[in-house]
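Note that the numbering runs from 1 along the sequence shown for the chain. Only a predicted model underlies this, so the values are computations on that prediction, with no experimental measurement involved. Whatever order the structure lists ligands and atoms in, that order sets their numbers, starting from 1.
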Amino acid sequence: MRRELAIEFSRVTEAAALAGYKWLGRGDKNTADGAAVEAMRLIFNQIDIDGKIVIGEGEIDDAPMLYIGENVGTGKGDKVDIAVDPIEGTRMTAMGQSNALAVLAVGEQGSFLQAPDMYMEKLIVGPNAKDAIDLERSLEQNLKAVAFALGKSLSDLTVATLAKPRHDRMIKDIQGMGVRVFAIPDGDVAISVLACMPDNQVDVLYCIGGAPEGVISAAVVRALDGNMQARLIPRPMVKEPTEENIKIGEEEVRRCEAVGIEVNKVLKLEDLVKNDNVIFSATGITKGDLVEGVSVDGRLATTETLLVRGKSRTVRRIRSTHYLDRKDPNLKDI
Ligand code: VTB
Ligand code: MG
Ligand code: MG
């Protein structure tokens with residue numbers, strides 16, 4: 001992938017974040033999502049790539065844009081696979097809660113696991129503990145191994161997770177071991193990235209969250225030389241096993257079989273993302289632990305983007321000031 005593509009991709013998430021921001025706190029997650037999707041696609045299609053969406057907004061029949069299999073770009077440059085979440089956190093955007101991002105990861109063709117939209121159990125650590133994780137073992141054993149690798153006591157270890165009822169028990173258990181837990185309501189991509197960044201408060205991410213988000217996170221974990229293991233989990237094992245959820249679960253298993261993935265099986269980082277020649281870009285929509293959110297003051301909008309290029313292992317933070325009166329209303333020329 002040409003090096004200059006990195007900055008091009010940062011424009012894509014900036015445009016999506018600015019488009020989503022217009023709907024911040026307005027209680028309408030679908031309109032916010034639609035605006036971000038449209039903005040993202042518009043910028044993608046100006047870039048000289050022969051790109052294919054592999055993790056996107058859904059199947060062609062229920063997602064009009066950035067659907068799985070959609071081709072984006074001018075068709076003239078590198079052949080790349082793209083994983084997107086135009087708004088990672090539509091609820092957070094609609095309700096003005098922290099950590100909503102516009103995010104994408106780009107890799108060589110065939111780089112990303114074609115995970116269906118279902119749940120995924122995720123365990124992530126940064127470079128200094130990369131050899132310490134093994135999802136075949138219990139979370140307790142993993143945390144002990146990570147603490148040992150980091151030369152810390154359990155009381156100095158911090159685990160980030162999602163504050164969801166499905167995690168109540170787990171949170172109590174690991175707090176009982178003396179571990180510190182940061183539980184945020186939503187948005188596991190931001191905290192997955194944090195777990196791999198140098199100088200940060202989070203040693204481990206552990207949660208059950210979205211599989212598409214998991215693949216996007218895996219790309220940045222690779223780029224930052226951390227480690228991740230995961231498992232795809234059918235819905236009735238995460239939510240109430242109602243008749244409807246059982247049906248959804250069966251469909252999820254079918255989808256996994258169709259692309260040759262086994263559910264409930266431990267997936268290693270290289271199963272999730274084949275190599276570290278990836279580019280990851282995340283722009284904050286609402287304020288967050290990883291990046292600032294969009295702020296608008298009159299005609300000026302400010303965005304903060306984390307742009308990671310795996311090949312050279314470079315992490316850039318880009319603070320951009322956008323003079324809105326010079327922009328096309330669709331942000332075509334961001
Ligand atoms: C997960 C998580 C996301 O939504 O998809 C979660 O990966 C959905 O969880 O980061 P529930 O179905 O239990 O609500 C996010 O937190 C936000 O998109
Ligand atoms: Mg989304
Ligand atoms: Mg999401």
Give every donor-acceptor pair under 3.5 Å between a side-chain atom in residues 77-85 and any protein atom, sequence neighbours left out.
unit_1 : atom_1 : unit_2 : atom_2 : d
D78    : OD1    : R2     : NE     : 3.3
K79    : NZ     : D50    : OD2    : 2.8
D81    : OD2    : G110   : N      : 2.7

Enumerated ligand 1 atoms positioned under 4.0 Å from heavy atoms of [X]:
{"X": "K122", "answer": "7 (O)"}
{"X": "G89", "answer": "18 (O)"}
{"X": "D188", "answer": "2 (C), 7 (O), 10 (O)"}
{"X": "K239", "answer": "11 (P), 12 (O), 13 (O)"}
{"X": "Y119", "answer": "11 (P), 12 (O), 13 (O)"}
{"X": "G210", "answer": "1 (C), 2 (C), 5 (O), 7 (O)"}
{"X": "E88", "answer": "3 (C), 10 (O), 17 (C), 18 (O)"}

**OP:** Would you mind checking if E251 and R254 are paired as a salt bridge, meaning a charged N to carboxylate O distance below 4.0 Å?
**Re:** yes
Subject >> Pair E59 + R255: basic N to acidic O under 4.0 Å >> reply: yes
**OP:** Ignoring angles and geometry beyond distance, decide whether G187 reaches within less than 3.5 Å of ligand 1 through its nitrogen or oxygen atoms.
**Re:**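 By distance alone, the answer is yes.
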**OP:** Quick one: look up the protein heavy atom nearest atom 13 (O) of ligand 1 and list residue, atom name and how far away it is.
**Re:**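 In this structure, atom 13 (O) of ligand 1 has R166 NH1, 2.6 Å as its nearest protein heavy atom.
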Subject >> Name of the residue among I124, V220, L135 meeting side chain to side chain contact (heavy atoms under 4.5 Å, CB included) with M228 >> reply: I124
**OP:** Identify which one of V125, L205, V221, D225 satisfies the side chain to side chain contact (heavy atoms under 4.5 Å, CB included) criterion when paired with C196.
**Re:** V221
Original post:
Of all residues at least two apart in sequence or in a different chain, which pass the salt bridge (Lys or Arg N to Asp or Glu O under 4.0 Å) check with R316?
Top reply: none
Original post:
For D333, which residues count as a salt bridge (Lys or Arg N to Asp or Glu O under 4.0 Å) partner, sequence neighbours excluded?
Top reply: none
Original post:
Out of curiosity, is M120 lining ligand 1, as in a heavy atom under 4.0 Å away?
Top reply: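 Heavy atoms of M120 never come under 4.0 Å of ligand 1.
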**OP:** Assess K29 for proximity to ligand 1: is some non-hydrogen atom of it under 4.0 Å away?
**Re:** no
Rounded to the nearest 0.5 Å, what's the gap from [atom1] on [X] to [atom2] on [Y]? Could you check?
{"X": "E270", "Y": "D276", "atom1": "CD", "atom2": "CG", "answer": "11.5 Å"}
{"X": "T283", "Y": "M40", "atom1": "OG1", "atom2": "CE", "answer": "8.0 Å"}
{"X": "K122", "Y": "T161", "atom1": "NZ", "atom2": "OG1", "answer": "10.0 Å"}

Original post:
Which residues and atoms, protein N, O or S only, are under 2.8 Å from the Mg ion (ligand 3)?
Top reply: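 Listed by chain and number, the atoms are D85 OD2, E88 OE1, E213 OE2.
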Original post:
Can you find a pair of side-chain heavy atoms, one from Y67 and one from I53, that are under 4.5 Å apart?
Top reply: no
Original post:
Does NZ in K164 sit with more than 12 non-hydrogen atoms of other residues, nucleotides or ligands closer than 6.0 Å?
Top reply: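 Correct, the count exceeds 12.
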Subject >> Candidate with minimal heavy-atom separation from atom 16 (O) of ligand 1, of D186, L162, D117, I191 >> reply: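 Result: the heavy atom closest to atom 16 (O) of ligand 1 is in D186.
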